[in-house]
Amino acid sequence: MPSFPPVEEQLRQIRRGVVEIIPETELVQKLERSYRTGKPLVVKLGCDPSRPDLHLGHAVVLRKLRQFQDLGHQAVLIIGDFTAMIGDPTGRSKTRPALTLEETRTNGRTYFEQASRILDPERTIIRYNSEWLGKMTFRDVIELSARYTVARMLERDDFEKRYRAGEPIGIHEFLYPLAQAMDSVEIHADIELGGTDQRFNLLVGRDIQQAYGQEPQVCLLMPILEGTDGVEKMSKSLGNYIGITEPPEEMYGKVLSIPDHLIYRYFELATDIPTELLPAKKEFAERDPRNAKHELAWTIVRMYHGEEAANRARAHFERTIIRKEAPEDLEPFQPTPDEGSRIALVNLIVQAGLAASKSEARRLVRQNAVSIDGERISDEHLVIDLARQAPFVLRVGKRRFARIVWDEAQQSA
RNA sequence: GGGCAGGUACCGAAGCGGUCAAACGGGGCAGACUGUAAAUCUGCUGGCGCAAUGCCUUCGGAGGUUCGAAUCCUCCCCUGCCCA
């Protein structure tokens, strides 16, 4: 039987970083009842297994779920494998490719593995929603749909905008919020977590739970973390994300590339530093953004990779970016020469994966972006004799390096 | 079922028989600057290529007209709106 901290203390922690609690009075009631009866609250978080690469944006809400675990409540992670199988078309673009059941299972496992860097896996219940959604008959679906109206669906910002803009909305898109609501019904969720973009979906959950005779869940909305560009929300498809499994060096560099005005926000939402220290960080970020950003990067890397890795990442950054030297642990790359031991520079660049095509490589040379052992190359027709010149470090742009080696024996073998 | 308007490169959007690998904007990449950033300026942004008025692939799909098509014709697919 878990023993909970006092309700006031729980509330204090739950409120940190939260944008909105709908409605807060019900949260208090639920907490009080749980405290009285010793029964943990069921806290739900739904996730989309079509993209199992978690980043700091996902981490915001996962950290909140972890916080509930630490307070003694029951975390339930819903893997939306059923919806992924159909292909969720949320957002403007085309329907996502539908996944097979195996793919969603594999993705689900990957998701959980990654989420375990934040959650306590021992105390997390995982449920796949195909388990109950897959069993529903057409009749069940019609009954479910009858509980909601088109007008209410169109309240959703995304639907309304698209409808007005004359963009297509598939009927099945109306079914997604309902499906998600059924997840809440299935597990009798007391609280559902989500980003502010999930507000509508979580609220539908409340209505549907009531329609099925249950007490409605409390919706707890977390802010959407901006990506490294500082404008759009962090997302993989926008390429502005920092993945939680990325190597320390990469993570460090990416954190450093965020605009200054986000430094404090990242401290608040993406780190585990105690709430009491936040005001000091805010002052730090305003007074000395450069060093505050370094501390932020270090803190985040430490959370996911440990202190030693964080120190290494900092040293790496100073070496490669500030002093513009090649990283020390570059994998050697043995190119396939064009003829004998000779290779055209543009071919070498493509082979080493530093450019996508020869034309691009050529362009980069013209733009003074290519150097060998620190020396700028301006001749796009340059041919390199590997036997004479290797090993050397090939560099393209600021961040792309390759250590080119030549081994006669290995070549003939 | 009928009518109308559309489907162009990563995205938005011009082009409507040759001078189109396709204007312009966004995004991306590179260079200068810098704190790695932001802002700013400059260049590049289908592939191949000895940067040639060169070759190949591309403008929803398949055919056709033409010396020549993103541009004209036919059929098909897709989207939105209006009517039924």
Side-chain angles (χ1 to χ4, degrees), chain A residues 89 91-95 154 159-173 226-233 235-242 246 248-267 284-298 300-301 313-327 338-339 342-351 353-371 374-383 394-401:
Chain A
R92 51 229 70 136
S93 54
K94 9 239 147 214
T95 309
L154 285 174
F159 286 149
E160 201 244 324
K161 270 200 203 117
R162 282 200 280 162
Y163 189 67
R164 258 193 300 135
E167 281 163 21
I169 301 173
I171 295 289
H172 64 306
E173 294 187 64
E226 290 81 0
T228 53
D229 61 340
V231 181
E232 301 290 337
K233 69 172 187 178
S235 95
K236 196 179 181 202
S237 50
L238 292 172
N240 62 356
Y241 71 104
I242 303 174
E246 290 196 64
E249 293 80 15
E250 199 64 22
M251 221 181 220
Y252 196 93
K254 282 189 176 182
V255 174
L256 243 9
S257 76
I258 65 171
D260 289 357
H261 71 266
L262 283 182
I263 297 173
Y264 174 69
R265 192 163 168 82
Y266 270 53
F267 265 122
F284 187 18
E286 280 160 12
R287 173 172 46 85
D288 184 2
R290 196 185 78 93
N291 285 320
K293 211 186 273 184
H294 273 280
E295 185 180 307
L296 173 68
W298 187 85
I300 290 175
V301 174
R314 168 174 285 172
H316 172 89
F317 184 83
E318 281 169 3
R319 182 185 164 93
T320 58
I321 307 297
I322 297 179
R323 298 207 301 274
K324 298 186 196 305
E325 294 166 14
D338 300 333
E339 189 182 17
R342 297 157 68 77
I343 184 168
L345 176 62
V346 289
N347 286 333
L348 181 61
I349 292 172
V350 172
Q351 271 193 37
L354 305 184
S357 69
K358 288 196 208 174
S359 292
E360 187 182 324
R362 228 181 296 275
R363 266 181 238 126
L364 288 163
V365 175
R366 284 179 212 158
Q367 288 172 154
N368 270 331
V370 177
S371 65
E375 200 176 318
R376 286 282 159 93
I377 305 297
S378 51
D379 177 12
E380 64 184 271
H381 305 308
L382 185 71
V383 174
L394 177 66
R395 181 179 182 201
V396 174
K398 286 195 189 81
R399 311 189 69 182
R400 284 169 276 171
F401 293 92

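Here is the naming used below: chain letters follow the sequence lines, and residue numbers restart at 1 for every chain. These numbers were taken from a predicted model, which means no experiment stands behind them.
- Legend: residues meeting salt bridge (charged side-chain N to carboxylate O under 4.0 Å, His left out) with K358(A), ordered by chain and number and at least two apart, are absent.
- Spacing of C1' atoms, rU53(B) relative to rC20(B), comes out at 15 Å, to the nearest Å.
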Going 5' to 3' through nucleotides 30-42 of chain B, assign each nucleotide B (protein heavy atom under 4.0 Å from a base atom), S (under 4.0 Å only from sugar-phosphate atoms) or - (no protein heavy atom that close). SSS--BBB-----
Tabulated below should be each protein N or O lying under 3.5 Å from an N or O of nucleotides 20-25 of chain B; please produce it.
none

Listed pairs, N/O of protein and of nucleotides 81-84 of chain B, under 3.5 Å:
none

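- Comparing rA51(B) with rC78(B), their P atoms sit 48 Å apart, to the nearest whole Å.
- With N347(A) contributing its side chain and D338(A) its backbone, the two residues share no donor-acceptor pair below 3.5 Å.
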Do any N or O atoms of the protein come closer than 3.5 Å to N or O atoms of nucleotides 2-5 of chain B, and which pairs are they?
none

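- A salt bridge is defined here as a Lys NZ or Arg NE, NH1 or NH2 lying under 4.0 Å from an Asp or Glu carboxylate O, and R366(A) with E380(A) meets this definition.
- Taking the side chain to side chain donor-acceptor pair (under 3.5 Å) definition, one finds that R319(A) meets it with E328(A), sequence neighbours left out.
- Rounded to the nearest 0.5 Å, atoms CG (L354(A)) and CG (L348(A)) are 8.0 Å apart.
- Separation of the P atoms belonging to rA39(B) and rG26(B) is 12 Å when rounded to the nearest angstrom.
- Partners of P259(A) under the side-chain contact (heavy atoms from CB on, under 4.5 Å) rule, at least two apart in sequence or in another chain, are H261(A), L262(A).
- Not counting sequence neighbours, the partners of K161(A) by the salt bridge (charged side-chain N to carboxylate O under 4.0 Å, His left out) test are D157(A).
- Comparing the C1' positions of rC24(B) and rA9(B) gives an interatomic distance of 14 Å, to the nearest angstrom.
- Residues forming a ring pair (Phe, Tyr, Trp, His ring centres under 6.0 Å) with F317(A) (at least two apart in sequence, or on another chain): Y252(A), H294(A).
- Every residue two or more places apart in sequence or in another chain that forms a salt bridge (charged side-chain N to carboxylate O under 4.0 Å, His left out) with D260(A) is listed here: K293(A).
- No donor-acceptor distance shorter than 3.5 angstrom exists from the side chain of R290(A) to the backbone of A292(A), with no hydrogens or angles considered.
- Among residues two or more places apart in sequence or in another chain, the salt bridge (charged side-chain N to carboxylate O under 4.0 Å, His left out) test is passed with E360(A) by none.
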How does each nucleotide of nucleotides 48-58 of chain B score, in 5' to 3' order, for protein heavy atoms under 4.0 Å: base (B), sugar-phosphate only (S), or none (-)? BBSB-------
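- Nucleotides rG61(B) and rC77(B), compared at atom P, are 15 Å apart to the nearest Å.
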